[in-house]
Structures are given as C-alpha cells and as structure tokens.
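Each chain gets a letter, A, B and so on, in the order its sequence line appears, and its residues count up from 1. In what follows, every heavy atom counts, from backbone to side chain, and hydrogens, waters and symmetry copies are set aside.
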There are 2 protein chains.
Amino acid sequence: MNFSDLSERQQRIIHFIVEFTRRNHYPPSIREIGDHVCISSTSVVKYNLSKLESYGFISRAPDKSRGLSVNFPALLASGYPLQQNGEPFQEATLGKKTSTTQRAPELEYYTADEPPVERASSRRFRVPILGKIAAGSPIAVNPREAYDPEDWIELAEGLLNVPADNLFALRVQGDSMIDASVLDGDIVILRHQETAEDGDMVAAWIEGDEETTLKFLQREGPNVRLIPANPNPEYQPIVRPADKVRINGKVVSVIRVLK
Amino acid sequence: MNFSDLSERQQRIIHFIVEFTRRNHYPPSIREIGDHVCISSTSVVKYNLSKLESYGFISRAPDKSRGLSVNFPALLASGYPLQQNGEPFQEATLGKKTSTTQRAPELEYYTADEPPVERASSRRFRVPILGKIAAGSPIAVNPREAYDPEDWIELAEGLLNVPADNLFALRVQGDSMIDASVLDGDIVILRHQETAEDGDMVAAWIEGDEETTLKFLQREGPNVRLIPANPNPEYQPIVRPADKVRINGKVVSVIRVLK
DNA sequence: CTTGACATCGCACAGATGTTCGTGTACCAT
DNA sequence: ATGGTACACGAACATCTGTGCGATGTCAAG
C-alpha cells in the first residue's frame, strides 16, 4: 500500500495524528481528528481509522480513548512525505485533486487550553530504531507491528551536528549497500527531512524501483543523482527525475557495531 | 526538585507513565495509573499528578482523557534513573524507606487486553564518554573514575555483540589515526579489557612511544603487531614486544557523526 | 433501471475517564 | 487540646470519547 494511494482524507488524518502527537505527546481523540480534518461524523473518522489500521499505518486500542498510534516504519516504507517539521503542514503536499470536500482550517493541532509543551534545552534525546533498511526492499518492518518502543538510542544533543528533532534510526541489513561508510548491521541515525543538500547522505525512496536506499545526494538540473558511497564500479549512480525520488531523511550518524 | 525526593508513590507513578507510554504509544488513564501503582482512589492519583505537574515532571491537559505527558528533560535533569527501562523496575532503586503503604503487583504495565509486543529482553545501559583519544596523548582515564554524568550514551544491550559491562567511550581527536573505520570526531565505544583476540580493534598504549592509538591487534610470537586500518602505505604496522604494549580496551562500536 | 460496494452523515448510547467533594488519618507547631 | 497541613479514601458527578446502526449519496457493473 502506497501512502499516496490513500484518500486525501486518510492522508490528512495521518498527518494530523502525527502532528498532534508530536505537539501534545498524546494522540488525538476521534472527535479531535474529525474537527481538524473536517469530518463531522465520528463514525466516519472511525471508518477511515479502521481502514488505515487495516493498511497497517496505524494501530488502535479498541475502547480506549486516544488509543491509537501511528506506525512510522510502515509509513516511511510507503513513501510518507515527512515534511511538516514543527510547522503546520502544507496542504499542497497532500495531493491536489481539487476535492469536493471542504477545506479545513487546520492551522493548529492543539487546543487553546493546551499549548504545545515547551521542552526547552533538552540536552538529551532518544532516537527510536524504527526498523531495517535494505537494498532491494523498502524500509522493512512488519507493517502491522508497531516499532519496538524499547529499541532506542539515547544521545546527548552535542554529539550530533544537527538539531535533535525528528530523528530516527534504522538498522542496515544486507550487503547490497556496503560501502566505506555503511556496513551490514550498522545503525544509521537519520533526521526526517524531505530536502537535503548536495553531498548529504540520505535515505531516498525511488519511485518505480519501489525501494529505499542510502545514497549520497547530488542534484543535476531537473534530476537527482544518487551516488553509492562504494567506489566499486559495480555500484553505479542512479539518476532519476527529482519528482521520482522522495527523500525520507538525512543520515546524521552511523553507528558501527564490531563483532 | 530532585527525583529521589519524590514520594515513592510519585516515583512509581512517573515510572509507570514512562513505561506505559513507551509500550502503548499513548499515555495511561488515571485509573490505569491507580491500578498499577495500587492507589484505589482516582482522586489520589489526580492529587499526585498535580503535584508532579507542579514540579514540572509531567504536563497535563485538563479534562482530556489520557491528556498527560512526561517531561523528559526535567526528569533527566533531576536524576531520573533511566536504565531500569524494559524490565519491571527494581523497587530497590526507589528509595528504601520501608513504606507503610502496600506493595504493588506492578508486574505489567499494560492491560491484559492489550498485551505488549513481546520483545527480546533488551536491558539498557549507559556508556560514559570518558574523554578523548588522540595520537600523542594517552588517555588518562580509568573506567572506575568519576565522569561527567552528562556525557554518556545510552544503548540497548542487544545492540552490541559483547556483554554490556566495563564499557566506556572516547571521542577520537585528530587525524593521526584516520583510517577507513575511524575518523576524527568519531566516538568509539570500548570494553575495558587487558587482553584481546587477533583481529580485534583495540586501544593500545605503546610504551616508548608514549601514546595510545586505535589499531587492529595481531599476535606474532612474542610480539604484537598493531595494524592500522588505513590501507594507505604511509601507515605501517607497528610491531612491539608484547610486554611493551598495554591494551586498554577493545573497540566494540564506532559512532560516526556526519556533518 | 437496479444492485451493491463504498464513503459519508447524524445520532443515540454505553463505557471510559477526569473532577469535585465530604471524610478520615497522621504529623507538627502553637 | 487546637488548628493547620499533607496525604489518602471513596463515591457521586459531569464529560469525554468510542461504538453501533440506520439513512443518504455516489458510482460503476450488470
């Protein structure tokens, strides 16, 4: 199931859940979802939520208030665009089929009486290990399985050279992308972002190939060139139109585990 | 406010919230907290929750179900013991004032109808970053010594391939030992041990040279051969009598921070 | 046109959940 | 004793919130 195949409503729902949870540290209720996605009926929200759950994008705890969570590995694997870092997400990114549905206000995901929790100067932060990434297959996780909440790494912010937000980690599997920098079994820490600069190592989703790989990024006019770090000539750069490549995140750290 | 100054109940509450949220991806309700911390009255839970909120350890969204979240930065700053994650937390760590309060079952943080995803027991542990290692200057540190508690990395045991004891980390400084595996700025995690096996990457103190470097170890009769990973011919293996080389530890992981 | 799957709506209802309030106990200073 | 404070209990109360169900609209296949 591809993220872009979802109905606009469902995409908006997922976006909202992600944003709301990020801001409030607890999931939204069905009615809150409905309000912000402009669905008047709670049952419709439930209907779509069930759909999303059957696709594996979210998990639900029946009969529990706010008992839902997004399945990030599955989302990433499906080409979920992860743009909305901290800011109200852009409707434009949601697919532009001029829907007959009404547009939403959707500027704030938190209610007035609960401003986003201000977590100032957090020196330490956790990086969840969301799953595996392997050449030839998308970010591989059991789509139904929520990521292991215990699998995370905790670092001090000063250790990295980027803001310590929107970080996640993946375990590299397989030899196919072995190169000087990333080996089988390594853990790569990425920062969610949909753009990157030339020379950055990124996890990129290649449309058509339907796979996510780690490559160095370089722009070439309308194209992007994805360069494997491995100098071995059998690993050739991949050149694709920019709109066929979706960047999932930028690699900010590689953790190598020696045997 | 120090974490250890909290009443045992409040410590238990925080711990439960942390664990529950980690497992379920949504916060517990007041009654769920009460059940697992053995507080029969919801109002008592609310009372303590308000206290915790006034201390800044958690945030609450009034009138919203499960509208609470923990403030990790504040918790960590107050000395919250993080490493008991994953397993039912040890009462011993909670302060041993033999409370008159009843003891709790507290073996499960999840409700029966929402079993936790079964994970391989991954204990967590901290790795202190003891200092820098640079060619020319020895690492004048000793794992037993005190270290800045801010400077540490927390990992799950399963992440490494060695027992998670006697670990420490060093930040690599300088280019002198640049090679394919370890670059300037990297952090290496070592296990303190006096011996190592052939092929291990070790931090070795070379008597006479009066310096500590990272090299691959190989024995040669009475000698040891310290092989730089860098294939560049200018980096030649160092061969010394075994008694002139002192192994400080074995490298078990390398953390590379990209710019 | 009929049919049925799909998506939606509105609404009632039950259960889940936070809050309030009266009460009790222990401790401590006055 | 007296009063105050901190903490705890339980029950009643008011919402919040998920679910169920019938009705409606759309659209493509038969």
Novice: Look at A:N48 and C:dC6 and indicate whether a side-chain polar atom (N or O) is within less than 4.0 Å of OP1 or OP2.
Specialist: no
Novice: Does the distance from a Lys or Arg side-chain N to an Asp or Glu carboxylate O, for A:R66 and A:E32, drop under 4.0 Å?
Specialist: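 The answer is yes: the pair qualifies as a salt bridge.
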Novice: Please tell me if B:R9 has a side-chain N or O lying less than 4.0 Å from either OP1 or OP2 of D:dC9.
Specialist: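 So the side-chain polar atoms of B:R9 do come within 4.0 Å of the phosphate oxygens OP1 or OP2 of D:dC9, strictly under.
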Novice: How do B:Y47 and B:S43 order along DNA chain D: which one's closest nucleotide is nearer the 5' end?
Specialist: B:Y47
Novice: Between D:dC7 atom C1' and B:R12 atom CZ, what is the distance in whole Å?
Specialist: 16 Å
Novice: Can you tell me the distance, in whole Å, between the CG atom of A:L6 and the P atom of C:dC6?
Specialist: 16 Å
Novice: Could you work out, with side chain to side chain donor-acceptor pair (under 3.5 Å) as the rule, every residue matching A:T42, not counting sequence neighbours?
Specialist: none
Novice: How are the rings of A:H36 and A:F16 set to each other: parallel, tilted or perpendicular (split at 30° and 60°)?
Specialist: parallel
Novice: Which whole-number value in Å describes the distance from A:Q11 CD to C:dA7 P?
Specialist: 14 Å
Novice: May I have the distance from B:L49 (atom CG) to D:dA8 (atom C1'), rounded to whole angstrom?
Specialist: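 Going from CG in B:L49 over to C1' in D:dA8 covers 15 Å.
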Novice: Could you tell me the separation between the CD1 atom of A:I39 and the P atom of C:dA7, rounded to a whole number of Å?
Specialist: 12 Å
Novice: Please list, chain by chain and in numerical order, all residues satisfying salt bridge (charged side-chain N to carboxylate O under 4.0 Å, His left out) with A:R31, sequence neighbours excluded.
Specialist: none
Novice: Quick check: closest heavy atoms across A:V45 and A:G34, and the distance to 0.1 Å?
Specialist: CG2-CA, 3.6 Å
Novice: Quick one: which protein N/O atoms are closer than 3.5 Å to N/O atoms of nucleotides 15-18 of chain D? Pair and distance per line, please.
Specialist:
unit_1: D:dT17; atom_1: OP1; unit_2: A:R66; atom_2: NE; d: 3.1
unit_1: D:dT17; atom_1: OP1; unit_2: A:R66; atom_2: NH2; d: 2.4
unit_1: D:dT17; atom_1: OP1; unit_2: B:S65; atom_2: N; d: 3.2
unit_1: D:dT17; atom_1: OP1; unit_2: B:S65; atom_2: OG; d: 3.2
unit_1: D:dG18; atom_1: OP1; unit_2: A:R66; atom_2: N; d: 2.9
unit_1: D:dG18; atom_1: OP2; unit_2: A:I30; atom_2: N; d: 2.7
unit_1: D:dG18; atom_1: O3'; unit_2: A:D63; atom_2: N; d: 3.4
unit_1: D:dG18; atom_1: N7; unit_2: A:R31; atom_2: NH1; d: 2.8
unit_1: D:dG18; atom_1: O6; unit_2: A:R31; atom_2: NH2; d: 2.7

Novice: Grab the CG-C1' distance between A:L52 and C:dC6 for me, whole Å please.
Specialist: 15 Å
Novice: Ring-plane angle category for A:F3 and A:F57, please: parallel below 30°, perpendicular beyond 60°, tilted otherwise.
Specialist: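 Judged by the thresholds at 30° and 60°, the geometry between A:F3 and A:F57 is perpendicular.
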Novice: Calculate the interatomic distance between A:Q10 atom CD and C:dC6 atom P; express it in whole Å.
Specialist: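 Checked: the CD to P distance equals 13 Å.
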